Undergrad: 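Take this structure first; my questions come after.
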Amino acid sequence: RLANAEVIQDSLIHDTVVIVRAVVDDRLGVVQTNDLTTGGLARARDSAIEVARSAAGKAFPSGFLGTAEPIATVPNAFDERTSELTSKERQDHLMATLVRARKADLLMAGNCHSGSYETAIWNTEGLTRYFSNTRAEVNLTALEGLLPGQPTGYAGDLSTTISDIDFAALSETAVQKVLDGRHPIELSPGTYDVILEPPAVAELLEWLGYIGFSSRSVEEKTSFTADRLNERVTGEAVSLVDDGGDPHGLPVPFDAEGTPKARTVLIDKGVVRNYVYDREHGHKAGCASTGHAVHGEIISEDGALPTNLFMAAGDDTSGSLLDQMEKGLWITRLHYVNGMIEPRRAVMTGLTRDGTFLIENGKIARGVQTLRFTDSILEAFERIAGLTAGRRTIPTWWSESGAITAPTV
């Protein structure tokens, strides 16, 4: 972890979580434990059986997945160097960021994580699954100071390979946002054209996936996609795919039930094409699971969810998007977004953060203080006028195996 333009904390985390799922008379009980002793695992098993037999047991007529064909190999998912990266090597990577901040007389905060993750599944129907991948993530926030209204600048990246991350370029981006954002102005409420960087786009896509494509939201008809299969819901510029096998994101080839994660086209040129299912909701809908079970996750009660989203790129650059805009806003990222205001229209509200700028005549003019937006994201995505060819992968907040790959829009 970084603060005050120096490394303030180093930690090594070794954690194992076991999720025990028991089905008794078509009712499911789930228990999670970190106690890997024989007694601890036995207690988790017994507790899962007890939950399944109680009123808390969840109807689960679909049963477990039986013996299945081996999953396909995912290229570039595991990088030996990233797996074995030492604390000293991580600090060496961060030195360029700290030196750049100090040179500009700025503070720098953030974190750098790296390591390997393993997932194994076994059940009494004979299914076995195993997958191991690596992950490297860096988040940098440059700060002019700690007083309210002082500018901040964010840059970050996520990859399965540490060598893919350009620490020097990220630090330059974060620092430059602060320098460009000094003496930010207040803007009056109104309607503005915007350029959204990938972190901002990913925040909106994460909410769209949750309120629009979770099997629970479709089943309960709160989703903007409910009963709208093969109908247009956004502009033609929007295509959205969930693909756990794409090595350009954060690949995970099977879901929490062991089902292979099928490449699923959710929106094709603005048109809703598919929903995602786990075994339970697929059984209810009369179809097979698409490999999107998230049992054991924070939001598992919402059923199947898209967890490895890819928004199709365009052919613009950030510079060409700027050139097209006479007046508007450049937005680095968002926070405190609430997508539950009117899910059927995907109305969301939230705040800008860490680099919001006024654009005039195709150029960044000056920094802008924090703004709140409220809009239907479906209607906003109807108005997309350009997307960059380059995309960036952003982690989801709720899962270490989830990620969203998005262009600047």
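Note that the structure is predicted; figures quoted are calculated from it, not measured. The basis for the numbers below is simple: all heavy atoms, side chains too, and nothing from hydrogens, waters or symmetry mates.
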Undergrad: Using modelled atom types only, decide if a donor and an acceptor are shared between the side chain of S376 and the backbone of R345 within a distance under 3.5 Å.
TA: yes
Undergrad: Any Lys/Arg nitrogen of E203 or R333 sitting under 4.0 Å from an Asp/Glu carboxylate oxygen of the other?
TA: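 Salt bridge flag = no for R333 with E203.
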Undergrad: To the nearest 0.5 Å, tell me how far T408 OG1 sits from L196 CG.
TA: 8.5 Å
Undergrad: Are the side chains of T160 and D79 in contact, using a 4.5 Å heavy-atom criterion?
TA: no
Undergrad: Would you check, one step at a time, whether the test salt bridge (charged side-chain N to carboxylate O under 4.0 Å, His left out) holds for E197 with K177?
TA: CA-CA 13 Å; E197 286 193 36; K177 286 179 185 294; 2.5 Å; yes
Undergrad: Within the side chain of T225, is there an N or O that forms a donor-acceptor pair under 3.5 Å with the backbone of G212?
TA: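 Answer holds: yes.
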Undergrad: R135 and T82: side chain to side chain donor-acceptor pair (under 3.5 Å), yes or no, with the steps?
TA: CA-CA 7 Å; R135 169 179 170 140; T82 303; over 6 Å; no
Undergrad: First locate atom CD1 of I364, then atom CD of Q176, and finally report the distance between them rounded to the nearest 0.5 Å.
TA: 10.5 Å
Undergrad: Side chains of D246 and N308: is there a donor and an acceptor less than 3.5 Å apart?
TA: no
Undergrad: Are the side chain of T352 and the backbone N or O of L371 linked by a donor-acceptor pair below 3.5 Å?
TA: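 Here the side-chain-to-backbone pair exists.
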Undergrad: If you compare all heavy atoms of T332 against all heavy atoms of R353, which two are closest, and at what distance to 0.1 Å?
TA: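 Residues T332 and R353, closest heavy atoms: CB-O, 4.0 Å.
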Undergrad: Which heavy atom of S215 sits nearest to which heavy atom of V276, and what is that distance?
TA: CB-O, 3.8 Å
Undergrad: Going through the checks in order, is the side chain to side chain contact (heavy atoms under 4.5 Å, CB included) test met by T119 and V252?
TA: CA-CA 9 Å; T119 302; V252 179; 5.8 Å; no
Undergrad: Would you call L329 and I359 a side-chain contact if the rule is heavy atoms closer than 4.5 Å?
TA: no
Undergrad: Please state whether the rings of F131 and F254 are parallel, tilted or perpendicular, taking 30° and 60° as the class boundaries.
TA: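 If you compare the ring of F131 with that of F254, the planes turn out perpendicular.
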Undergrad: Is the number of heavy atoms from other residues, nucleotides or ligands under 6.0 Å of R102 CZ greater than 12?
TA: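 Atom CZ in R102 is crowded, with more than 12 foreign heavy atoms closer than 6.0 Å.
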Undergrad: Under a 4.5 Å cut-off applied to non-hydrogen side-chain atoms, are V265 and D268 in contact?
TA: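 Sidechains of D268 and V265: in contact.
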Undergrad: Is there a donor-acceptor pair under 3.5 Å between the side chain of S54 and the backbone N or O of V51?
TA: yes
Undergrad: Ion pair present between R392 and D157, side-chain N to carboxylate O less than 4.0 angstrom?
TA: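 The answer is yes: the pair qualifies as a salt bridge.
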Undergrad: Can you find a heavy atom in the side chain of T128 that is under 4.5 Å from one in the side chain of I121?
TA: no
Undergrad: Using a strict 4.0 Å threshold on nitrogen-to-oxygen distance, state whether D227 and K221 make a salt bridge.
TA: yes
Undergrad: Taking only Lys NZ, Arg NE, NH1 and NH2, and the carboxylate oxygens of Asp or Glu, determine whether E257 and R21 approach each other closer than 4.0 Å.
TA: yes
Undergrad: Look at R45 together with E50 and state whether they make a salt bridge at an N to O cut-off of under 4.0 Å.
TA: no
Undergrad: Kindly say whether I377 contributes a backbone atom to a donor-acceptor pair with the side chain of D375 at under 3.5 angstrom?
TA: no
Undergrad: Distance-only, no hydrogens or angles: does the R366 side chain make a donor-acceptor pair with backbone N or O of H183 under 3.5 Å?
TA: yes
Undergrad: Looking at D35, is its backbone amide N or carbonyl O close enough to the side chain of T37 to form a donor-acceptor pair, meaning the two atoms are under 3.5 Å apart?
TA: no
Undergrad: Could you check whether any side-chain heavy atom of V18 comes within less than 4.5 Å of a side-chain heavy atom of Q32, counting everything from C-beta outward?
TA: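 Side-chain contact under 4.5 Å: no.
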Undergrad: For the pair D242 (side chain) and L266 (backbone), establish whether a donor and an acceptor sit closer than 3.5 Å, ignoring hydrogens and angles.
TA: no
Undergrad: What are the two closest non-hydrogen atoms of L309 and L205, and how far apart are they?
TA: CD1-O, 3.8 Å
Undergrad: Is any side-chain heavy atom of T356 closer than 4.5 Å to a side-chain heavy atom of T370?
TA: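 They are not in contact (no side-chain heavy atoms under 4.5 Å apart), so the answer is no.
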Undergrad: Got a salt bridge between K327 and D193, using NZ or NE/NH1/NH2 to carboxylate O under 4.0 Å?
TA: no
Undergrad: State the CG-CZ distance between L378 and R232, to the nearest 0.5 angstrom.
TA: 11.0 Å
Undergrad: Would you call R216 and E219 a salt bridge, taking side-chain N to carboxylate O under 4.0 Å as the test?
TA: no
Undergrad: Any side-chain heavy atom of T307 within less than 4.5 Å of one from T396?
TA: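 Contact flag for T307/T396 side chains = no.
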Undergrad: Would the distance check show the side chain of S320 and the main-chain N or O of D316 forming a donor-acceptor pair, the cut-off being under 3.5 Å?
TA: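 Side chain of S320 to backbone of D316: no pair is present.
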Undergrad: I'd like to check F60 versus D26 (side-chain heavy atoms, cut-off strictly below 4.5 Å). Are they in contact?
TA: no
Undergrad: Surrounding CD of Q9 (heavy atoms of other residues, nucleotides or ligands, distance under 6.0 Å), is the total greater than 12?
TA: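 Yes, the 6.0 Å shell around CD holds more than 12 heavy atoms from other groups.
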Undergrad: Please check: side-chain N/O of T161 versus main-chain N/O of D164, any donor-acceptor pairing under 3.5 Å?
TA: no
Undergrad: What's the separation between atom CD in E6 and atom CD in Q91, rounded to the nearest 0.5 Å?
TA: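 With rounding to 0.5 Å, CD (E6) is 11.0 Å from CD (Q91).
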